[in-house]
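The structure appears right after this line, and notes come after that.
As the structure is a computational prediction, the values presented were derived from the model and not from experiment.
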Amino acid sequence: MEWQLGVAGVAVGVLIAVVTAPVGVSGAVFLLPVQLSVFAVPNPAVTPTNLLYNVVAGPGALLRYRRDGALAGPLVRRLILGTLPGVALGAVIRVFALPGPRVFRFLVAALMLPLGTWLIARTLRPTSQDNRRPEPAPRTVTALALAVGVVGGVYGIGGGSILGPILVGRGLPVSKVAPAALASTFATSVVGASTYALLSLVHHGSIAPDWFIGLACGLGGLIGGYLGARLQPYLPDTFLRLLLGTLAATLGALYAVNALL
């Protein structure tokens, strides 16, 4: 029944966002396998549905970070400037060049497995203060955001989920990167979801978002994101990073196995 799917979507959105929002991840990266396995959202509609989730869920955590003054500064503008055109291009690539489910699973595995492994390694063996790399130049940040925006548009995660750990590894503090990454994810998801909606008018197939699932999960993410951002000061950063890394690596490995079968 639809009301049961709606309740399940809200619950999933809350649980994912509570865990991921404190480290600047929207949660869509973990929603994708739930869409495929639990809610049976057709491929490639999972990608625009992920973007719809980001649009609805994003303001929850952003509202809390804004109250704390964490959204001020040029990093937010640089990330949005780069990822906005990238995510629109990624949506076009996803629809016309990567429609097959097997290719899509390989792409998920290629992104999730190394990202999760990297997060775990960086958490267990953090870089010392003396050996930290210098912060990247503004142009480098914008170029990186453009490249990640394309990948995010293909994958349906807005790009911020990938940008966050990369920028932290380049020397930027988590407290600065997390709000900026979420803001970038929200802005690019608006553009990405709109692009898919327009493409659905001229392309045959399931490329429009699943509005019911996307809105239900997004509502849960809206609540969970606010709670996660509020709980951030009370949660050990090491625990959250290890949890996210483990989840990402496990999901990447599962998708790799499924793609090979």
Side-chain angles (χ1 to χ4, degrees), residues 24-29 31-32 35-36 41-58 74-112 114-115 136-167 170 177 180-211 214 218 252 255 259:
V25 177
S26 71
V29 68
L31 179 63
L32 186 143
Q35 287 189 65
L36 292 172
V41 177
N43 184 71
V46 291
T47 299
T49 303
N50 254 13
L51 294 172
L52 176 61
Y53 165 84
N54 286 338
V55 171
V56 179
L75 182 60
V76 176
R77 296 191 298 271
R78 291 171 191 152
L79 295 189
I80 293 176
L81 180 64
T83 51
L84 279 180
V87 74
L89 177 59
V92 174
I93 293 173
R94 175 72 179 93
V95 171
F96 294 104
L98 293 172
R102 188 176 185 185
V103 175
F104 188 49
R105 291 188 184 110
F106 272 121
L107 179 61
V108 173
L111 285 170
M112 297 280 280
L115 179 60
R139 289 183 180 180
T140 302
V141 172
T142 303
L144 179 62
L146 176 63
V148 172
V150 174
V151 177
V154 173
Y155 188 33
I157 59 176
S161 302
I162 304 173
L163 273 172
I166 292 176
L167 290 176
R170 289 298 305 272
V177 170
L182 284 176
S184 171
T185 296
F186 174 72
T188 54
S189 295
V190 172
V191 174
S194 301
T195 301
Y196 275 102
L198 292 174
L199 289 172
S200 68
L201 300 177
V202 297
H203 185 275
H204 298 291
S206 302
I207 64 171
D210 186 316
W211 294 97
Y255 271 100

* Structure fact -> Pro74 meets the side chain to side chain contact (heavy atoms under 4.5 Å, CB included) criterion, sequence neighbours left out, with Arg77, Arg78

* Report the residues that fulfil side chain to side chain contact (heavy atoms under 4.5 Å, CB included) with Leu84, sequence neighbours left out, ordered by chain and then residue number. => Ile80, Ala187, Thr188, Val191

* To do: Give, for atom OG1 of Thr185 and atom CG of Leu51, the distance between the pair rounded to the nearest 0.5 Å.
  => 10.0 Å

* To do: Could you pull out all residues at least two apart from Leu144 that satisfy side chain to side chain contact (heavy atoms under 4.5 Å, CB included)?
  => Val148, Leu163, Ile166, Leu167

* Heavy atoms only: give me the nearest Phe186-Val55 pair and the separation to one decimal. => CE1-O, 3.1 Å

* **Contact summary for Trp211 and Leu52, nearest pair of heavy atoms** => CE3-CD2, 3.6 Å

* Where is the tightest heavy-atom contact between Pro114 and Ala109, given as atom of each residue plus distance? -> CD-O, 3.6 Å

* Taking all non-hydrogen atoms of both residues into account, name the closest pair between Val56 and Gly218 and its distance. => CG1-C, 3.4 Å

* **Atom pair OG/CG of Ser184 and Leu79 - distance to nearest 0.5 Å** => 5.0 Å

* To do: Give a yes or no answer on whether the side chain of Ser194 reaches the backbone of Val190 with a donor-acceptor pair at less than 3.5 Å.
  => yes

* To do: Looking only at non-hydrogen atoms, find the nearest pair between Ala183 and Val76 and report the distance.
  => CB-CG1, 3.9 Å

